[in-house]
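From a predicted model like this one, the values you see are computed outputs, not experimental measurements.
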Amino acid sequence: MNRKQRKTAEIKQRGMVADSSNAKRWAAGDSFQNFEARVGLGTNNQASQFTYGFDFISRNRVQMEAMYRSSWVVGQAVDVVAEDMTREGIIIGSEMDPEDKSKLHRAFENMAIWDKLCDTAKWSRLYGGAIGVLMIDGQNPSTPLRPETIGPGQFKGILVLDRWLIQPTLNDLVKEMGPDIGMPKFYDVVADSMALSRQRIHYSRVIRMDGVELPYWQKISENLWGQSVIERLIDRLVAFDSTTVGAAQLVYKAHLRTVKVEGLREIIAAGGPAMEALIKQFDMIRRMQSNEGLTLIDAADDFQSDSYAFSGLDNVLMQFGMQLSGALQIPLVRLFGQSPAGLSSTGESDLRTYYDNIKAQQERRLRGPLNRLLDVMIRSELGTEPPEGFAFEFAPLWQLTEEEKATVAKSTTESVSAALDAGLISQAGAMKELRASSRVTGIFTSITDEQIEAADDELPPPVDESLPDDPDQNPGPEEEGAEEPGTDERGGKVVQDAAPAGRKAGGRIRQWLSRW
């Protein structure tokens, strides 16, 4: 395209832009933007003067620590989600020896792994970022982690360091493709740290958590960290605390007392003995009201007491509390410990929604770090590599009652029994199904892989429901002296009684369970 053609195209483009602008101006006569009535954003009104600014309180470590120590709302906002994410632990779903699973769970308890992960999540939410260092005895922390080099007993736990105890290498980032690309390659521990001071730690040896994820340029401004969860709701938090403290101060002024003194202006202007006498008079009134409840005034003076109610303050506080709850995605029943309102409201639906949110955060923020952590712990505690297909699930936060567990266990056992009696599954399959249900019911946890392998894996023939459950009561026609079932001595038909519900289904599984 030559210069003349480009010039023609530019002119045409400007004309199209002008036509579009005119069309919008004519269409805005009675729409969201009404310039004549000054209604809508962009018109000359107060709403059009809005702006949003940066608070940057995540960079003020002392202020964040003061808020965490002095405000219980900030403490709840930081602690609740972190504690719920690490409260129930995990369920190992792989076919591992039960004793090996017990060793892993004991290692989690002995080294306080869940407490350390909880602290890492807490300080990341408070400061905007934190790391948990995998402490492996005998290895240089500045070198990349090689799990195959970890021997028995080398893993010693997790050391938690918040963003103010480490300095990421901003000029040396991870360049290898993967989930860590673009992140700092090393973390230098400051001299004030309680451990590993002045040491350099490779990124493969840390469990990193950020508070609120930020876009690229904002992350650059925060030294590649996130921001505190408190920064987004600081204005709502100040409004809530201000309203709460203001309501508390009103209690002291519930009764406004007024005294009308004749010639007060002249007494104040004159000063001297008259002013001192006035001060002594009201000091005496204050003492008498405190001790005896009497008000002693001159006959020419006028005393008036006004009182008022605090109606409406509870609704204002509730609205600010709901804004905090929505900003933190924590229901009121969990954040403030408040009982649900309403005749039929139990808070169960709110908690279930909240637990679903916690589940999503566990999958996003904890699954990757736990995969790395479990790879190290299995090699250190068991002396072997993780088994093929190793997997785990986060234990549900919603806990069943004992009655609900018993109901689920009964229903599951009856379903497995019916499938076995119908010849749909084998004894080994039935044992696997029962052991899989132990995560919910808490029973059949002692079924081992050896017992499953020793069980019959062939599909059994269906059970004849017309026969009794007890095989001793059903000798069969092949035994000597046995008569053909269904006939009497003269060959007549005999009508058999219907077996009670529950005796027919599950006969085979009950016999198998009694032998097992």
Who passes salt bridge (charged side-chain N to carboxylate O under 4.0 Å, His left out) against [X], sequence neighbours left out?
{"X": "R232", "answer": "none"}
{"X": "K219", "answer": "E213"}
{"X": "K260", "answer": "D302"}
{"X": "R334", "answer": "D84"}

**OP:** Go through L237 and M67 one step at a time and tell me if the side-chain contact (heavy atoms from CB on, under 4.5 Å) criterion holds.
**Re:** CA-CA 11 Å; L237 179 64; M67 295 173 66; 3.6 Å; yes
**OP:** With sequence neighbours left out, write down each residue that passes side-chain hydrogen bond (donor to acceptor under 3.5 Å, both in side chains) with D210, or none if nothing qualifies.
**Re:**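 Listed in chain order: R208.
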**OP:** Report the residues that fulfil side-chain hydrogen bond (donor to acceptor under 3.5 Å, both in side chains) with Q139, sequence neighbours left out, ordered by chain and then residue number.
**Re:** T149, R205
Subject >> R87 with D115: basic N within carboxylate O range, under 4.0 Å >> reply: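 Salt bridge absent between R87 and D115.
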**OP:** Can you sort out the partners of Y52 under side-chain contact (heavy atoms from CB on, under 4.5 Å), two or more places apart, ordered by chain and number?
**Re:** F50
Results of ring pair (Phe, Tyr, Trp, His ring centres under 6.0 Å) for [X] - residues two or more places apart only:
{"X": "Y68", "result": "W123"}
{"X": "F155", "result": "none"}
{"X": "F56", "result": "F54"}

**OP:** Measure the CE-CG distance between M288 and D283 for me, rounded to the nearest 0.5 Å.
**Re:** 12.0 Å
Original post:
Nearest 0.5 Å, what's the CG-CG distance between L214 and L224?
Top reply: 10.5 Å
Original post:
For residues 163-178, which residue pairs qualify under side-chain hydrogen bond (donor to acceptor under 3.5 Å, both in side chains), counting only residues two or more places apart or in two chains?
Top reply: R163-E222
Original post:
Which residue pairs pass the ring-ring contact (aromatic ring centres under 6.0 Å, His included) test when at least one of the two sits in residues 187-223, sequence neighbours left out?
Top reply: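 Non-adjacent pairs meeting ring-ring contact (aromatic ring centres under 6.0 Å, His included): F186-H202.
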Subject >> Shortest non-hydrogen contact from S71 toward D241 >> reply: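 Smallest interatomic distance, heavy atoms only, reads OG-OD2, 4.2 Å.
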